[in-house]
Amino acid sequence: MNEKSAYDILYERGFVEQITDEEPIRRLLKDETVTCYIGFDPTAASLHIGSLVPIMSLMHMQRCGHRVIALVGGGTALIGDPSGKTEMRRIMTRDEIDGNAEAIKKQLSQYINFEEGKALLLNNADWLAQLNYVEFLRDIGRCFSVNRMLAAESYKMRLEKGLNFIEFNYMLLQSYDFYYLSKHYDCVLQMGGNDQWGNIVAGIDLTRRLEEKKIYGMTFPLLVTSQGHKMGKTEKGTVWLEAELTSPYDYFQYWINTEDADVGKFLALFSLLPMEEIEESGKLMDSELNMAKAVLAFEATRITHGEDAAVAAWGAAVNNFGLRPVRPDLFPSSTIPRTNATDASAIPTVEKARGELGEGISAFELFHDAGLCKSRGEARRLITQGGAYVNGRQVTVFDEKIGNDDAEDGVIRLRKGKKQHVLIRVV
RNA sequence: GGAGGGGUUCCCGAGUGGUCAAAGGGAGCAGACUGUAAAUCUGCCGGCGAAGCCUACGGAGGUUCAAAUCCUCCCCCCUCCA
């Protein structure tokens, strides 16, 4: 059904930054079923938006019939990848890493079908943790030239600030991973962020020296917004893929706030919509672009949190921001609702006991309790500066009492600034 | 191992006895302008309901009415020498 090869798809959607050999890779992905892998770092209990490009690339590979390996770096996390970092990372304990690795495995299953050998989920701790140091040095270490390693871009930055031996070894371990996967799982392609280029190429060299086997590498662009801001940070911090950490509502809001110049690029990378539809939307100008942003937000939320959560997040956006329906001729493949129906249940809601509100609570306390402000002081400042609203009315006195009388249908609507809404449900 | 230089609030970075909750920049928040965009301008930007108090300048002690600043020991990083 699909004439395009995985390479064509990745290329046209903007996934490809560097590749080791264009022609062979193009052919391979077109004519054969290949096994490819990407490593994920278990340094936190959840992946975040920064991992989404790799995840989406694996989805595309799988949809094209290739076998994908998601490698959780339980072993390499014990070392800490220095690539692209200015500071050494905190060394994590074995338990922390194992716990995170488990959580990440579960998360990846939302995007990739691991049934019946269509995809594999491996943990490199399974082979790295039992390596024998002297043997490793003799078999693997001898294949690495320190001179070449020092020349690698990934170490440059650290050579100025300092790099210690444990981190210097990271490249050997990741190279060994690739070698190991190529040997035991017939993996021929490693993909990763562009900061992984050095590590990937080193793995290719190692495998060639040990096995005389040719394998390949591809890297993705490291995304910053068109304004140069880093991806995945908002007023609430990192945008996680885990619903417990970043709600589908916030996740949707993150995407709908995409800068104009990034909408097309992000639709290609973070939705599965056909490129023709995405290109068509490129004609949208000015505020019409908000329709494309809505579709981006909806599709991205759908992929990560499911259709129902996406619809709910959309409904909340309609309710809070007067988001208008997307024209029917745009993005026909998207399942975004085209109606005006408004289910606002996804708006963040905090419950308060009727009794607690009996005497009325000072506005600044309420904003703090609702989680809109990190401290009471911040809430006071917010009110003083005129950024606090109750039921759409600006609060001007910081200790104005808010009580049961302010509830409309059992709900008090709080708003911080223009964008952040929380409902207080009186129970 | 020796000599020198460093570790400051979310990040970068100034501060070498009181006027320091700590210059400046970035990030962030709010206001104006807008399209839930960007840019720009303005205000805010440790905690506690104010005075004041508490917490904070790598760690532990000490000197002093008073310490981010002085002394001692320790930890970590960088540069040069070995």
Side-chain angles (χ1 to χ4, degrees), chain A residues 82 85-91 157-167 224-239 249-267 281-282 284-298 300-301 313-326 344 346-348 359-389 394-402 414-422:
Chain A
K85 308 208 168 45
T86 44
E87 293 292 328
M88 182 174 163
R89 289 197 216 174
R90 186 174 66 90
I91 302 252
M157 202 189 312
R158 292 302 302 275
L159 283 174
E160 286 163 25
K161 286 286 273 186
L163 176 72
N164 64 21
F165 192 65
I166 185 172
E167 297 174 289
V224 285
T225 72
S226 60
Q227 296 302 316
H229 298 151
K230 44 186 179 228
M231 289 275 299
K233 298 286 180 192
T234 67
E235 53 276 359
K236 288 177 184 157
T238 305
V239 180
Y249 170 85
D250 286 325
Y251 194 79
F252 185 99
Q253 286 298 316
Y254 174 79
W255 289 108
I256 205 164
N257 279 305
T258 295
E259 292 166 19
D260 284 7
D262 292 323
V263 179
K265 182 166 91 180
F266 286 3
L267 277 165
S281 74
L284 295 172
M285 299 299 287
D286 303 324
S287 62
E288 279 194 324
L289 262 173
N290 288 343
M291 289 190 283
K293 290 184 189 180
V295 170
L296 168 63
F298 180 85
T301 306
W314 167 83
V318 170
N319 202 284
N320 271 350
F321 298 101
L323 182 65
R324 276 167 302 169
V326 176
I347 299 174
E359 302 286 309
I361 296 181
S362 293
F364 73 99
E365 288 184 65
L366 196 59
F367 274 80
H368 176 241
D369 293 353
L372 282 168
C373 298
K374 285 197 280 293
S375 67
R376 296 179 170 201
E378 187 182 312
R380 296 174 64 123
R381 273 176 245 129
L382 175 74
I383 294 169
T384 307
Q385 294 182 122
Y389 299 81
Q394 191 177 51
V395 180
T396 49
V397 181
F398 79 90
D399 59 353
E400 181 180 323
K401 294 283 188 259
I402 308 297
L414 302 187
R415 175 155 69 85
K416 174 190 180 188
K418 293 190 177 67
K419 293 189 193 174
Q420 298 185 59
H421 299 71
V422 168

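Order of the sequence lines fixes the chain letters, A, B, ..., with proteins taken first and strands second; residue numbering starts at 1 for each chain. Heavy-atom basis, side chains included; hydrogens, waters and symmetry copies ignored.
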_Checking A:Glu365 now: which residues fulfil side chain to side chain contact (heavy atoms under 4.5 Å, CB included) with it, not counting sequence neighbours?_
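Only A:Ile361, A:Ser362, A:Arg376 meet the side chain to side chain contact (heavy atoms under 4.5 Å, CB included) criterion with A:Glu365.
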
*In chain order, what residues pass the side chain to side chain contact (heavy atoms under 4.5 Å, CB included) check against A:Ala294, with sequence neighbours excluded?*
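A:Ala294 satisfies side chain to side chain contact (heavy atoms under 4.5 Å, CB included) with A:Ile256, A:Leu323, A:Val326, A:Ile336 only.
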
*Starting from the C-alpha separation in whole Å, work towards a yes-or-no answer on side chain to side chain contact (heavy atoms under 4.5 Å, CB included) for A:Lys293 and A:Asp260.*
CA-CA 8 Å; A:Lys293 290 184 189 180; A:Asp260 284 7; 2.8 Å; yes

What pairs of nitrogen or oxygen atoms, one from the protein and one from nucleotides 75-81 of chain B, lie under 3.5 Å apart?
none

*Rounded off to whole Å, could you give me the CG-to-C1' distance for the A:Asp260 and B:rU34 pair?*
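Roughly 11 Å, once rounded to whole Å.
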
*Rounding to a whole Å, what distance do you find between A:Leu289:CG and B:rU34:C1'?*
14 Å

*asked:* Taking side-chain hydrogen bond (donor to acceptor under 3.5 Å, both in side chains) as the definition, give me every residue that meets it alongside A:Lys416, ordered by chain and number, with sequence neighbours left out.
replied: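 In terms of side-chain hydrogen bond (donor to acceptor under 3.5 Å, both in side chains), with neighbours along the sequence ignored, A:Lys416 is linked to no residue.
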
*Which residues satisfy the side-chain hydrogen bond (donor to acceptor under 3.5 Å, both in side chains) test with A:Glu400, sequence neighbours excluded?*
A:Arg393

_Parallel, tilted or perpendicular: rings of A:Trp255 and A:Phe266 (30°, 60°)_ = perpendicular

Counterpart base for [N], defined by Watson-Crick or G-U wobble contacts under 3.5 Å:
| N | answer |
| --- | --- |
| B:rC41 | B:rG31 |
| B:rA3 | B:rU79 |
| B:rA60 | B:rU72 |

*asked:* How would you summarise protein contacts on nucleotides 40-51 of chain B per nucleotide, using B for base, S for sugar-phosphate only and - for none, with heavy-atom distances below 4.0 Å?
replied: ---BSS-SSBS-

Could you measure between the two [atom1] atoms, the one in [N] and the one in [M], and give it in whole Å?
| N | M | atom1 | result |
| --- | --- | --- | --- |
| B:rA68 | B:rU8 | C1' | 7 Å |
| B:rC10 | B:rG28 | C1' | 9 Å |
| B:rU72 | B:rC53 | C1' | 32 Å |

_Does a side-chain N or O of A:Lys418 approach OP1 or OP2 of B:rA37 to a distance below 4.0 Å, or not?_
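Indeed not, no polar side-chain atom of A:Lys418 lies that close.
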
